[in-house]
**Q** 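Here it is: the structure, laid out below.
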Number of protein chains: 2
Amino acid sequence: MTDSFLNEAPITTASDQVFVNMRREIVEGTIAQGSKISEPELAKRYGVSRATLREALNRLESCYLVERKANVGCRVVALTAERLIEVYQVRSSLEGLACRLAADNMEPDEIKGLKQLLNQHLQTQRVKEGESYYQEAGDLDFHYRIIKGSKNAHLIHLLCNDLYQLIRMYRVQMGMAGPRVSKAFDEHLAIINAIENHDGELAEMLMKRHISASQANIQTKFDLYQSE
Amino acid sequence: MTDSFLNEAPITTASDQVFVNMRREIVEGTIAQGSKISEPELAKRYGVSRATLREALNRLESCYLVERKANVGCRVVALTAERLIEVYQVRSSLEGLACRLAADNMEPDEIKGLKQLLNQHLQTQRVKEGESYYQEAGDLDFHYRIIKGSKNAHLIHLLCNDLYQLIRMYRVQMGMAGPRVSKAFDEHLAIINAIENHDGELAEMLMKRHISASQANIQTKFDLYQSE
DNA sequence: TAGAATAATAGTGTCGACAATAAGGGTGTT
DNA sequence: AACACCCTTATTGTCGACACTATTATTCTA
């Protein structure tokens with residue numbers, strides 16, 4: 001499945017196309033983490049000029065997927081344990097905020113949709129036991145809806161456009177599928193209930209814990225990955 | 001005074017130069033908020049090619065000072081009350097986090113330097129009573145040091161590079177100098193004490209309140225400005 | 001042989017020009 | 001007179017080439 005729901009802006013220009021393609025390849029690891037990016041090489045590969053490619057690189061830098069140094073070049077971000085912690089600290093804080101705001105600002109039908117989504121995931125989970133569908137698409141969609149429910153455009157942009165691809169990159173490349181699936185479901189349910197009761201404070205706290213647990217989970221995978 | 005301490009990266013390339021210049025002009029209002037940006041016009045004005053200017057525009061977009069639409073163009077961000085609230089909600093959350101982390105991670109000499117800075121500001125404030133020096137440079141420096149004290153590189157980047165210029169823009173263009181100066185000093189002092197005692201929870205709470213108060217202050221100015 | 005200075009080379013930064021798209025004005029029709 | 005359509009014009013997107021910088025390989029010297 002794609003992350004189409006993360007990007008409302010239609011893809012019109014060539015640099016948009018390159019941006020979306022490169023983003024996917026970086027997130028999925030097709031373009032290796034930490035690797036150097038050669039502008040002429042990639043420009044040829046995508047069949048565009050360097051100017052177009054550089055436009056895409058700028059966008060990728062904005063969402064923290066590549067890092068640039070003047071007169072030196074561009075390289076894909078390196079996945080490190082330190083960075084993972086840093087990003088999750090930020091994410092936890094921001095999504096906690098989003099969740100608190102969502103408790104105040106989400107419309108009844110939005111909350112209803114969220115509950116339906118969760119039920120749907122429960123069934124999918126039962127059917128496809130062990131597969132990572134729930135974690136990948138479902139979890140993302142769940143978080144995404146709550147973020148949107150905050151109604152804070154700046155926050156939405158920050159999380160959905162700038163931060164989420166990097167988070168996905170960690171999750172995808174660390175291989176997220178495991179025992180946390182069912183536990184995450186319960187946590188999601190508790191969060192929905194808090195939002196439904198307009199208990200922003202509780203909703204924020206639950207979301208922060210939920211994300212911390214998720215971080216601990218990835219951290220474990222990461223340590224395993226490192227010690228190979 | 002400049003905001004040089006906000007940007008560690010040296011200014012080497014031409015697009016860097018244009019970026020820094022445009023950023024200042026946008027923040028200070030020389031380039032009016034909400035105005036459309038003509039690439040050919042500005043390129044001529046800065047004496048660079050459009051490619052160079054566009055590079056700068058991309059950077060400005062990254063720190064939320066301009067907004068781009070494909071095939072339409074670029075315009076300076078518009079200062080609205082809604083956006084102010086949104087940005088300050090995010091800022092409050094992130095700087096609260098930074099403050100909590102700083103309580104754990106700041107070195108003793110950093111804390112010492114922070115206290116010295118505050119004393120220095122107290123004296124400056126007495127001398128230049130009524131002037132906005134304290135608010136503008138001092139307050140910014142204070143917050144900046146705490147953010148750096150969090151030792152979270154991602155958070156530092158997010159706040160110092162991406163968000164602070166937009167916040168400065170509101171403060172500068174709303175004309176920040178007023179009765180909050182002395183009150184802010186007391187709040188700063190309380191925050192330092194919490195950090196010194198390694199009380200992250202308290203430090204976070206105090207910082208969040210401090211920023212909320214600051215928001216309320218700007219909000220007032222904003223409402224006055226709007227009703228003129 | 002090891003190290004430093006220097007030359008070759010690859011890569012990034014910048015430029016001017018062309019192509020494609022969107023906005024504005026004008027004309028024609030109902 | 002109002003609306004719709006078309007054309008003109010200005011602006012953005014994209015391209016290929018040149019200039020400058022950093023890296024690598026080579027040569028010279030101690």
Side-chain angles (χ1 to χ4, degrees), chain A residues 7-26 30-78 161, chain B residues 7-26 30-78 161:
Chain A
N7 249 41
E8 51 282 328
I11 299 160
T12 52
T13 79
S15 60
D16 271 328
Q17 198 86 0
V18 175
F19 167 65
V20 172
N21 283 337
M22 283 194 70
R23 188 178 63 180
R24 190 184 58 249
E25 296 195 48
I26 289 173
T30 308
I31 301 177
Q33 54 135 325
S35 64
K36 185 160 186 333
I37 287 178
S38 163
E39 293 183 5
E41 183 192 326
L42 278 184
K44 198 159 65 180
R45 182 169 144 202
Y46 286 108
V48 295
S49 81
R50 271 186 58 223
T52 303
L53 185 97
R54 280 166 69 86
E55 177 84 21
L57 289 181
N58 279 322
R59 310 264 272 291
L60 290 170
E61 192 186 15
S62 294
C63 49
Y64 310 106
L65 295 180
V66 304
E67 289 167 348
R68 300 182 79 184
K69 262 186 269 186
N71 288 316
V72 172
C74 202
R75 56 175 56 243
V76 180
V77 71
N161 290 92
Chain B
N7 249 43
E8 51 282 329
I11 298 158
T12 53
T13 80
S15 61
D16 271 327
Q17 197 87 359
V18 174
F19 167 64
V20 172
N21 282 337
M22 282 194 70
R23 189 178 64 180
R24 190 184 59 247
E25 296 194 49
I26 289 173
T30 309
I31 301 176
Q33 54 135 325
S35 64
K36 186 163 186 329
I37 286 178
S38 163
E39 292 184 6
E41 183 191 326
L42 279 185
K44 198 160 64 179
R45 183 170 143 201
Y46 286 109
V48 294
S49 82
R50 270 185 57 224
T52 304
L53 186 97
R54 280 165 70 86
E55 177 83 21
L57 288 180
N58 279 322
R59 309 263 274 290
L60 290 169
E61 191 186 15
S62 293
C63 50
Y64 310 107
L65 294 179
V66 305
E67 288 167 347
R68 300 182 78 185
K69 262 186 269 186
N71 288 316
V72 172
C74 202
R75 56 175 56 244
V76 180
V77 71
N161 289 91

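The analysis underlying the following values was restricted to heavy atoms, covering all of them including side chains, and did not include hydrogens, waters or symmetry mates. By convention in this document, chain letters (A, B, ...) are assigned in the order of the sequence lines, proteins followed by strands, and residues within each chain are numbered from 1.
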**Q** What residue among Val76(B), Ile31(B), Val20(B) forms side-chain contact (heavy atoms from CB on, under 4.5 Å) with Glu25(B)?
**A** Ile31(B)
**Q** Applying side chain to side chain donor-acceptor pair (under 3.5 Å), can you list everything that pairs with Glu39(A), at least two apart in sequence or on another chain?
**A** Arg50(A), Arg54(A)
**Q** Who are the side chain to side chain donor-acceptor pair (under 3.5 Å) partners of Arg68(B), not counting sequence neighbours?
**A** Glu55(A), Asn58(B)
**Q** Using a cutoff of under 3.5 Å, can you pull out all pairs of nitrogen or oxygen atoms linking the protein to nucleotides 14-17 of chain C, with atom names and distances?
**A**
{"unit_1": "dT14(C)", "atom_1": "OP1", "unit_2": "Ala14(B)", "atom_2": "N", "d": "2.3"}
{"unit_1": "dT14(C)", "atom_1": "OP1", "unit_2": "Ser15(B)", "atom_2": "N", "d": "3.4"}
{"unit_1": "dT14(C)", "atom_1": "OP2", "unit_2": "Ser15(B)", "atom_2": "OG", "d": "3.3"}
{"unit_1": "dC15(C)", "atom_1": "OP2", "unit_2": "Ser49(B)", "atom_2": "N", "d": "2.8"}
{"unit_1": "dC15(C)", "atom_1": "OP2", "unit_2": "Ser49(B)", "atom_2": "OG", "d": "3.0"}
{"unit_1": "dC15(C)", "atom_1": "OP2", "unit_2": "Thr52(B)", "atom_2": "OG1", "d": "2.5"}

**Q** Is there side-chain contact between Val66(B) and Met22(B), with at least one heavy-atom pair below 4.5 Å?
**A** no
**Q** Nearest-Å distance, CZ (Arg75(A)) to C1' (dA22(D))?
**A** 14 Å
**Q** Starting at atom NZ of Lys36(A), determine the distance to atom C1' of dT23(D), rounded to an integer number of angstrom.
**A** 10 Å
**Q** Rounded to whole angstrom units, what separation is found between the NZ atom of Lys69(B) and the C1' atom of dG13(D)?
**A** 17 Å
**Q** Looking at NZ of Lys36(A) and SG of Cys74(A), how far apart are the two atoms once the value is rounded to the nearest 0.5 Å?
**A** 8.0 Å
**Q** For Asn71(A) and dC20(D), what is the distance between atoms CG and C1' respectively, to the nearest whole Å?
**A** 8 Å
**Q** How long is the line joining OH of Tyr46(A) and C1' of dT14(D), in whole Å?
**A** 18 Å
**Q** Ignoring hydrogens, what is the shortest heavy-atom contact between Ala43(B) and Leu53(B)? Give both atom names and the distance.
**A** N-CD1, 3.9 Å
**Q** Tabulate protein N/O versus nucleotide N/O from nucleotides 7-9 of chain C, keeping only pairs under 3.5 Å, one per line.
**A**
none

**Q** What's touching nucleotides 6-9 of chain D from the protein side, N or O pairs under 3.5 Å?
**A**
none

**Q** What is the distance, rounded to the nearest whole Å, between atom CZ of Phe19(B) and atom C1' of dG13(C)?
**A** 17 Å
**Q** Using the closest heavy atom to pick a nucleotide of DNA chain D for each, name whichever of Pro40(B) or Ala70(A) lands nearer the 5' end.
**A** Pro40(B)
**Q** Heavy atoms only: give me the nearest Cys63(A)-Asn161(A) pair and the separation to one decimal.
**A** CB-O, 3.4 Å
**Q** Picking from dG13(D), dT11(D), dG13(C), which would you name as closest to the side chain of Glu39(A)?
**A** dG13(C)
**Q** Specify the separation, in whole Å, of atom CG of Asn58(B) and atom P of dT12(D).
**A** 13 Å
**Q** Give the minimum heavy-atom separation between Ser15(A) and Arg59(A), together with the two atoms involved.
**A** OG-NH1, 3.9 Å
**Q** For Ile37(A), report the nucleic acid contact type (base, sugar-phosphate, nothing); a contact means any heavy atom under 4.0 Å.
**A** sugar-phosphate
**Q** Would you say Lys44(A) has more than 12 foreign heavy atoms packed within less than 6.0 Å of its NZ?
**A** no
**Q** What ring pair (Phe, Tyr, Trp, His ring centres under 6.0 Å) pairs are there with at least one residue in residues 52-78 of chain A, not counting sequence neighbours?
**A** Tyr64(A)-His154(B), Tyr64(A)-His157(B)
**Q** In whole Å, what is the span from the CG atom of Leu57(B) to the P atom of dT11(D)?
**A** 14 Å
**Q** CG/Leu57(A) to CG/Leu65(A) distance, rounded to the nearest 0.5 angstrom?
**A** 11.0 Å
